[in-house]
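Note on naming: letters A, B, ... go to the chains in the order of the sequence lines (proteins, then strands), and numbering restarts at 1 for each one.
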Amino acid sequence: MDSLISITGDGFILSAADTTSARSIVVMKHDLDKIVAIDNNKMISIAGDSGDAVAFSQLVRANVQLNELQSGITMSTSGVANFTRNILATSLRQRPYEVQVLLAGVDPQAGPALYFLDYLGTCHPVKYGAHGYANYFVLATLDRYWKPGMDLEAVKEVMRACIREIQLRLLINQPQFKFKIVDENGVREIEV
Amino acid sequence: MARRYDTRTTIFSPEGRLYQVEYAMEAIGHAGAAVGVLSSEGVVLAAEKKITSKLLEVSKSSEKMYVIDEHVACAVAGITADANILITKSRVSAQQYLYRYQEPIPVEQIVKMAGNDMQAYTQFGGLRPFGVAFIYAGWDVHYGYQLYQTDPSGNYGGWKATAIGANSPAAHSILKSD
(Lines give C-alpha, C1' and ligand atoms only; values in the text may rest on other atoms or scores of the structure.)
Protein backbone atom coordinates (compact mmCIF):
# COMPACT_ATOMS: atom_id res chain seq x y z
CA MET A 1 0.00 0.00 0.00
CA ASP A 2 1.43 3.30 -1.09
CA SER A 3 2.55 5.87 1.43
CA LEU A 4 1.62 9.50 0.96
CA ILE A 5 2.54 12.29 3.38
CA SER A 6 1.89 16.02 3.10
CA ILE A 7 2.89 18.73 5.55
CA THR A 8 1.95 22.42 5.54
CA GLY A 9 4.60 25.03 6.27
CA ASP A 10 4.84 28.80 6.15
CA GLY A 11 3.52 29.60 2.66
CA PHE A 12 4.24 26.15 1.20
CA ILE A 13 3.30 22.48 1.36
CA LEU A 14 5.76 19.60 1.18
CA SER A 15 4.47 16.30 -0.16
CA ALA A 16 6.10 12.90 -0.18
CA ALA A 17 5.11 9.72 -1.96
CA ASP A 18 6.84 6.36 -2.04
CA THR A 19 8.00 5.38 -5.52
CA THR A 20 7.27 1.69 -5.43
CA SER A 21 4.69 0.12 -7.71
CA ALA A 22 3.83 -3.38 -6.57
CA ARG A 23 1.08 -5.97 -6.77
CA SER A 24 1.01 -8.88 -4.31
CA ILE A 25 4.64 -10.01 -3.90
CA VAL A 26 6.00 -8.49 -7.09
CA VAL A 27 7.58 -5.04 -7.37
CA MET A 28 7.06 -3.79 -10.89
CA LYS A 29 8.61 -0.34 -10.68
CA HIS A 30 10.91 1.43 -8.23
CA ASP A 31 10.68 4.99 -9.49
CA LEU A 32 6.99 5.79 -9.94
CA ASP A 33 5.99 9.43 -9.51
CA LYS A 34 2.66 9.59 -7.66
CA ILE A 35 2.53 13.36 -7.28
CA VAL A 36 1.02 15.24 -10.25
CA ALA A 37 1.05 19.00 -10.79
CA ILE A 38 -2.46 19.95 -11.91
CA ASP A 39 -1.78 23.61 -12.50
CA ASN A 40 0.71 26.32 -11.57
CA ASN A 41 0.05 26.22 -7.89
CA LYS A 42 -1.56 22.89 -7.07
CA MET A 43 -0.41 19.30 -6.90
CA ILE A 44 -2.25 16.10 -6.21
CA SER A 45 -0.77 12.95 -4.65
CA ILE A 46 -2.68 9.81 -5.53
CA ALA A 47 -2.26 6.32 -4.11
CA GLY A 48 -4.19 3.12 -4.63
CA ASP A 49 -5.08 0.94 -7.55
CA SER A 50 -2.51 1.93 -10.15
CA GLY A 51 -4.90 2.10 -13.10
CA ASP A 52 -7.44 4.16 -11.22
CA ALA A 53 -4.75 6.41 -9.75
CA VAL A 54 -3.37 7.43 -13.13
CA ALA A 55 -6.81 7.77 -14.73
CA PHE A 56 -8.08 9.83 -11.82
CA SER A 57 -5.13 12.19 -11.67
CA GLN A 58 -5.44 12.83 -15.41
CA LEU A 59 -9.19 13.38 -15.08
CA VAL A 60 -8.69 15.98 -12.35
CA ARG A 61 -5.85 17.67 -14.18
CA ALA A 62 -7.74 17.88 -17.49
CA ASN A 63 -10.89 19.23 -15.88
CA VAL A 64 -9.01 21.85 -13.89
CA GLN A 65 -7.10 22.98 -16.99
CA LEU A 66 -10.31 23.18 -19.03
CA ASN A 67 -12.14 25.07 -16.32
CA GLU A 68 -9.34 27.60 -16.00
CA LEU A 69 -9.11 28.06 -19.75
CA GLN A 70 -12.86 28.55 -20.17
CA SER A 71 -13.37 30.84 -17.22
CA GLY A 72 -10.07 32.73 -17.39
CA ILE A 73 -9.77 32.38 -13.62
CA THR A 74 -7.40 30.15 -11.62
CA MET A 75 -9.47 27.82 -9.48
CA SER A 76 -9.07 27.95 -5.73
CA THR A 77 -7.61 24.86 -4.03
CA SER A 78 -10.84 24.50 -2.08
CA GLY A 79 -12.87 24.56 -5.30
CA VAL A 80 -10.70 21.84 -6.82
CA ALA A 81 -10.93 19.77 -3.64
CA ASN A 82 -14.72 19.89 -3.63
CA PHE A 83 -14.89 19.23 -7.36
CA THR A 84 -12.64 16.20 -6.90
CA ARG A 85 -14.68 15.03 -3.93
CA ASN A 86 -17.80 15.22 -6.04
CA ILE A 87 -16.33 12.87 -8.64
CA LEU A 88 -15.35 10.38 -5.93
CA ALA A 89 -18.74 10.58 -4.25
CA THR A 90 -20.74 10.05 -7.42
CA SER A 91 -18.47 7.23 -8.61
CA LEU A 92 -18.66 5.48 -5.28
CA ARG A 93 -21.87 3.59 -5.86
CA GLN A 94 -21.32 2.94 -9.52
CA ARG A 95 -17.73 2.13 -10.18
CA PRO A 96 -15.55 3.53 -7.40
CA TYR A 97 -12.12 4.98 -7.98
CA GLU A 98 -9.94 3.01 -5.57
CA VAL A 99 -7.76 5.98 -4.75
CA GLN A 100 -6.47 7.93 -1.77
CA VAL A 101 -5.79 11.59 -2.43
CA LEU A 102 -3.86 14.44 -0.90
CA LEU A 103 -4.45 17.74 -2.66
CA ALA A 104 -1.99 20.53 -1.92
CA GLY A 105 -2.23 24.07 -3.25
CA VAL A 106 -1.07 27.57 -2.45
CA ASP A 107 -3.65 30.25 -3.25
CA PRO A 108 -2.40 33.81 -3.76
CA GLN A 109 -4.51 35.36 -0.99
CA ALA A 110 -5.52 32.47 1.20
CA GLY A 111 -2.10 30.82 1.36
CA PRO A 112 -1.40 27.09 1.57
CA ALA A 113 -4.36 24.68 1.61
CA LEU A 114 -4.10 20.92 2.06
CA TYR A 115 -7.01 18.53 1.58
CA PHE A 116 -7.35 14.90 2.61
CA LEU A 117 -9.68 12.91 0.34
CA ASP A 118 -10.46 9.25 0.03
CA TYR A 119 -12.41 6.95 -2.25
CA LEU A 120 -15.56 7.24 -0.12
CA GLY A 121 -15.85 10.94 -0.85
CA THR A 122 -14.27 12.19 2.36
CA CYS A 123 -12.87 15.68 2.03
CA HIS A 124 -11.22 17.50 4.91
CA PRO A 125 -8.91 20.48 5.03
CA VAL A 126 -5.93 19.50 7.18
CA LYS A 127 -2.60 20.89 8.32
CA TYR A 128 -0.82 17.62 7.62
CA GLY A 129 -2.02 14.25 6.36
CA ALA A 130 -1.01 10.79 5.30
CA HIS A 131 -2.48 7.87 3.38
CA GLY A 132 -1.65 4.20 3.20
CA TYR A 133 0.18 2.28 5.88
CA ALA A 134 2.22 5.40 6.51
CA ASN A 135 -0.92 6.84 8.07
CA TYR A 136 -0.65 4.60 11.11
CA PHE A 137 2.97 5.45 11.78
CA VAL A 138 3.51 9.08 10.87
CA LEU A 139 0.42 10.77 12.26
CA ALA A 140 1.81 10.31 15.75
CA THR A 141 5.11 11.88 14.71
CA LEU A 142 3.32 14.76 13.04
CA ASP A 143 1.00 15.30 15.99
CA ARG A 144 4.03 15.62 18.17
CA TYR A 145 6.41 17.73 16.10
CA TRP A 146 4.28 19.85 13.78
CA LYS A 147 3.73 23.51 14.62
CA PRO A 148 2.02 26.20 12.56
CA GLY A 149 4.29 28.45 10.48
CA MET A 150 7.30 26.12 10.25
CA ASP A 151 9.95 27.04 7.71
CA LEU A 152 11.20 24.69 5.01
CA GLU A 153 14.11 23.29 7.02
CA ALA A 154 11.90 22.53 10.00
CA VAL A 155 9.30 20.80 7.80
CA LYS A 156 12.04 18.79 6.06
CA GLU A 157 13.26 17.69 9.50
CA VAL A 158 9.78 16.44 10.44
CA MET A 159 9.39 14.76 7.04
CA ARG A 160 12.70 12.95 7.52
CA ALA A 161 11.48 11.76 10.91
CA CYS A 162 8.31 10.43 9.28
CA ILE A 163 10.19 8.58 6.54
CA ARG A 164 12.55 7.11 9.13
CA GLU A 165 9.56 5.81 11.05
CA ILE A 166 8.08 4.11 8.00
CA GLN A 167 11.34 2.53 6.96
CA LEU A 168 11.99 1.29 10.46
CA ARG A 169 8.57 -0.05 11.40
CA LEU A 170 6.60 -0.94 8.27
CA LEU A 171 6.78 -4.58 7.23
CA ILE A 172 6.88 -3.86 3.51
CA ASN A 173 9.97 -2.24 2.13
CA GLN A 174 9.62 1.33 0.89
CA PRO A 175 13.20 2.34 0.26
CA GLN A 176 12.64 5.36 -1.97
CA PHE A 177 10.44 8.44 -1.73
CA LYS A 178 9.86 11.36 -4.08
CA PHE A 179 9.34 14.83 -2.65
CA LYS A 180 7.61 17.82 -4.19
CA ILE A 181 6.96 21.28 -2.87
CA VAL A 182 4.28 23.78 -3.84
CA ASP A 183 4.58 27.46 -2.97
CA GLU A 184 3.81 30.81 -4.58
CA ASN A 185 6.38 30.04 -7.27
CA GLY A 186 4.74 26.81 -8.33
CA VAL A 187 5.24 23.07 -8.08
CA ARG A 188 8.69 21.50 -8.19
CA GLU A 189 10.62 18.46 -7.08
CA ILE A 190 12.86 18.85 -4.07
CA GLU A 191 15.50 16.97 -2.05
CA VAL A 192 14.75 16.33 1.61
CA MET B 1 -36.43 41.14 -49.35
CA ALA B 2 -36.43 40.36 -45.65
CA ARG B 3 -39.68 38.43 -46.01
CA ARG B 4 -38.09 35.30 -47.41
CA TYR B 5 -35.41 34.94 -44.75
CA ASP B 6 -37.06 35.97 -41.57
CA THR B 7 -39.44 33.17 -40.66
CA ARG B 8 -36.84 30.58 -39.76
CA THR B 9 -34.47 31.41 -36.91
CA THR B 10 -31.74 29.13 -38.06
CA ILE B 11 -30.90 30.63 -41.41
CA PHE B 12 -28.94 33.68 -42.45
CA SER B 13 -30.25 36.32 -44.83
CA PRO B 14 -28.20 37.04 -47.96
CA GLU B 15 -26.82 40.10 -46.18
CA GLY B 16 -25.61 37.86 -43.36
CA ARG B 17 -28.23 38.85 -40.80
CA LEU B 18 -30.35 36.77 -38.45
CA TYR B 19 -33.72 38.48 -38.71
CA GLN B 20 -35.39 36.61 -35.87
CA VAL B 21 -32.69 37.76 -33.48
CA GLU B 22 -33.11 41.32 -34.68
CA TYR B 23 -36.88 41.13 -34.31
CA ALA B 24 -36.41 39.84 -30.77
CA MET B 25 -34.29 42.90 -30.01
CA GLU B 26 -37.09 45.00 -31.48
CA ALA B 27 -39.53 43.41 -29.00
CA ILE B 28 -37.21 44.32 -26.14
CA GLY B 29 -37.13 47.92 -27.30
CA HIS B 30 -40.82 48.18 -26.47
CA ALA B 31 -40.43 46.90 -22.91
CA GLY B 32 -39.92 48.88 -19.71
CA ALA B 33 -36.42 50.29 -19.32
CA ALA B 34 -33.71 48.99 -16.98
CA VAL B 35 -30.45 50.73 -16.12
CA GLY B 36 -27.30 49.53 -14.37
CA VAL B 37 -24.34 51.54 -13.09
CA LEU B 38 -21.07 50.17 -11.70
CA SER B 39 -19.00 51.84 -9.00
CA SER B 40 -16.09 50.83 -6.84
CA GLU B 41 -18.44 50.50 -3.90
CA GLY B 42 -21.19 48.52 -5.58
CA VAL B 43 -23.57 48.15 -8.50
CA VAL B 44 -26.92 49.88 -8.85
CA LEU B 45 -29.78 48.40 -10.86
CA ALA B 46 -32.93 50.34 -11.61
CA ALA B 47 -35.94 49.16 -13.57
CA GLU B 48 -39.12 50.82 -14.74
CA LYS B 49 -42.24 48.88 -13.90
CA LYS B 50 -44.95 49.51 -16.44
CA ILE B 51 -48.23 49.44 -14.51
CA THR B 52 -50.64 47.89 -16.99
CA SER B 53 -53.66 47.81 -14.72
CA LYS B 54 -54.73 49.08 -11.32
CA LEU B 55 -56.07 45.61 -10.61
CA LEU B 56 -52.63 44.05 -10.79
CA GLU B 57 -51.32 42.88 -7.39
CA VAL B 58 -47.90 44.47 -7.79
CA SER B 59 -46.40 43.35 -4.50
CA LYS B 60 -46.86 39.70 -5.39
CA SER B 61 -45.11 39.71 -8.71
CA SER B 62 -41.76 40.89 -9.89
CA GLU B 63 -41.44 41.28 -13.58
CA LYS B 64 -38.25 43.33 -13.59
CA MET B 65 -35.76 42.31 -10.89
CA TYR B 66 -34.63 38.87 -9.84
CA VAL B 67 -32.07 37.38 -7.49
CA ILE B 68 -30.04 34.59 -9.05
CA ASP B 69 -27.90 33.79 -6.03
CA GLU B 70 -26.78 35.67 -2.94
CA HIS B 71 -24.12 37.52 -4.90
CA VAL B 72 -25.81 38.00 -8.31
CA ALA B 73 -29.05 39.70 -9.33
CA CYS B 74 -30.48 40.81 -12.63
CA ALA B 75 -32.90 43.24 -14.25
CA VAL B 76 -35.06 42.15 -17.16
CA ALA B 77 -36.39 43.84 -20.26
CA GLY B 78 -38.61 41.98 -22.67
CA ILE B 79 -41.02 39.06 -22.60
CA THR B 80 -41.41 38.16 -18.92
CA ALA B 81 -42.34 34.54 -19.62
CA ASP B 82 -39.12 34.08 -21.61
CA ALA B 83 -37.16 35.71 -18.83
CA ASN B 84 -38.58 33.32 -16.24
CA ILE B 85 -37.20 30.31 -18.09
CA LEU B 86 -33.70 31.75 -18.21
CA ILE B 87 -33.81 33.01 -14.64
CA THR B 88 -34.78 29.56 -13.39
CA LYS B 89 -31.98 27.97 -15.41
CA SER B 90 -29.49 30.48 -14.03
CA ARG B 91 -30.62 29.84 -10.47
CA VAL B 92 -30.23 26.10 -10.92
CA SER B 93 -26.78 26.52 -12.52
CA ALA B 94 -25.67 28.75 -9.65
CA GLN B 95 -26.72 26.16 -7.08
CA GLN B 96 -25.16 23.30 -9.01
CA TYR B 97 -21.88 25.20 -9.08
CA LEU B 98 -22.15 25.93 -5.35
CA TYR B 99 -22.80 22.25 -4.68
CA ARG B 100 -19.90 21.04 -6.78
CA TYR B 101 -17.25 23.60 -5.82
CA GLN B 102 -18.53 24.78 -2.43
CA GLU B 103 -17.99 28.35 -3.49
CA PRO B 104 -20.20 30.89 -5.27
CA ILE B 105 -20.20 30.89 -9.06
CA PRO B 106 -18.10 33.67 -10.59
CA VAL B 107 -20.43 36.30 -12.05
CA GLU B 108 -19.10 36.09 -15.57
CA GLN B 109 -19.65 32.35 -15.67
CA ILE B 110 -23.35 32.56 -14.83
CA VAL B 111 -23.75 35.22 -17.51
CA LYS B 112 -21.83 33.12 -20.01
CA MET B 113 -24.02 30.09 -19.31
CA ALA B 114 -27.18 32.14 -19.85
CA GLY B 115 -25.67 33.54 -23.04
CA ASN B 116 -24.88 30.04 -24.29
CA ASP B 117 -28.46 28.92 -23.66
CA MET B 118 -29.76 31.89 -25.64
CA GLN B 119 -27.32 31.24 -28.48
CA ALA B 120 -28.57 27.68 -28.87
CA TYR B 121 -31.96 29.01 -29.89
CA THR B 122 -30.41 31.01 -32.69
CA GLN B 123 -28.63 28.10 -34.27
CA PHE B 124 -30.62 24.89 -34.01
CA GLY B 125 -33.99 23.46 -33.01
CA GLY B 126 -36.09 25.69 -35.20
CA LEU B 127 -37.38 27.54 -32.12
CA ARG B 128 -37.54 31.30 -31.79
CA PRO B 129 -34.94 33.15 -29.74
CA PHE B 130 -35.64 34.45 -26.23
CA GLY B 131 -37.16 37.93 -26.38
CA VAL B 132 -35.26 39.17 -23.35
CA ALA B 133 -32.28 41.27 -22.47
CA PHE B 134 -30.70 41.08 -19.01
CA ILE B 135 -28.51 43.34 -16.98
CA TYR B 136 -26.62 41.21 -14.45
CA ALA B 137 -25.08 42.80 -11.37
CA GLY B 138 -22.88 40.89 -8.99
CA TRP B 139 -19.75 40.57 -6.89
CA ASP B 140 -17.11 37.86 -6.66
CA VAL B 141 -13.58 37.48 -5.27
CA HIS B 142 -12.04 37.40 -8.74
CA TYR B 143 -13.15 40.71 -10.24
CA GLY B 144 -15.09 42.47 -7.46
CA TYR B 145 -18.22 44.34 -8.52
CA GLN B 146 -19.32 43.62 -12.07
CA LEU B 147 -22.03 44.60 -14.51
CA TYR B 148 -22.97 42.55 -17.60
CA GLN B 149 -25.57 42.84 -20.34
CA THR B 150 -26.97 40.05 -22.53
CA ASP B 151 -29.15 40.11 -25.63
CA PRO B 152 -31.16 37.54 -27.65
CA SER B 153 -28.15 36.61 -29.76
CA GLY B 154 -26.51 35.20 -26.64
CA ASN B 155 -23.74 37.75 -26.78
CA TYR B 156 -22.73 39.41 -23.54
CA GLY B 157 -20.45 42.21 -22.48
CA GLY B 158 -19.10 43.75 -19.30
CA TRP B 159 -20.12 47.36 -18.78
CA LYS B 160 -19.40 50.31 -16.54
CA ALA B 161 -22.96 51.51 -17.13
CA THR B 162 -25.68 50.32 -19.48
CA ALA B 163 -29.37 50.40 -20.26
CA ILE B 164 -31.89 48.06 -21.92
CA GLY B 165 -35.52 48.30 -22.94
CA ALA B 166 -37.40 51.41 -24.06
CA ASN B 167 -35.29 54.49 -24.89
CA SER B 168 -32.08 52.63 -24.15
CA PRO B 169 -30.12 54.46 -26.88
CA ALA B 170 -31.05 57.75 -25.22
CA ALA B 171 -30.11 56.37 -21.81
CA HIS B 172 -26.78 55.17 -23.22
CA SER B 173 -25.86 58.61 -24.52
CA ILE B 174 -26.74 60.20 -21.17
CA LEU B 175 -24.65 57.61 -19.33
CA LYS B 176 -21.80 58.14 -21.76
CA SER B 177 -21.73 61.88 -21.26
CA ASP B 178 -21.73 61.52 -17.48
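- Remark: A:E157 pairs with A:R160 by the side chain to side chain donor-acceptor pair (under 3.5 Å) rule, at least two apart or across chains.
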With a 3.5 Å cut-off and sequence neighbours excluded, list the donor-acceptor pairs that the side chains of residues 51-58 of chain A form with protein atoms.
| unit_1 | atom_1 | unit_2 | atom_2 | d |
| --- | --- | --- | --- | --- |
| A:D52 | OD1 | A:R95 | NH2 | 3.3 |
| A:D52 | OD2 | A:E98 | N | 3.0 |
| A:S57 | OG | A:A53 | O | 3.3 |
| A:S57 | OG | A:V54 | O | 3.0 |

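- For A:V27 against A:A22, the heavy-atom pair with the smallest separation is CA-CB, 4.0 Å.
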Using only the distance criterion (under 3.5 Å, no hydrogens considered), which donor-acceptor pairs connect chain A with chain B?
| unit_1 | atom_1 | unit_2 | atom_2 | d |
| --- | --- | --- | --- | --- |
| A:N67 | ND2 | B:Y101 | OH | 3.1 |
| A:Q70 | O | B:K112 | NZ | 2.8 |
| A:S76 | OG | B:E103 | OE1 | 2.6 |
| A:S76 | OG | B:E103 | OE2 | 3.2 |
| A:F83 | N | B:R100 | O | 3.3 |

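- Looking only at side-chain heavy atoms (C-beta outward), A:F116 and A:H131 come within less than 4.5 Å of each other.
- Annotation: salt bridge (charged side-chain N to carboxylate O under 4.0 Å, His left out) contacts involving residues 125-136 of chain A, sequence neighbours excluded, are absent.
- Side-chain contact between B:C74 and B:I87 is present, with at least one heavy-atom pair separated by less than 4.5 Å.
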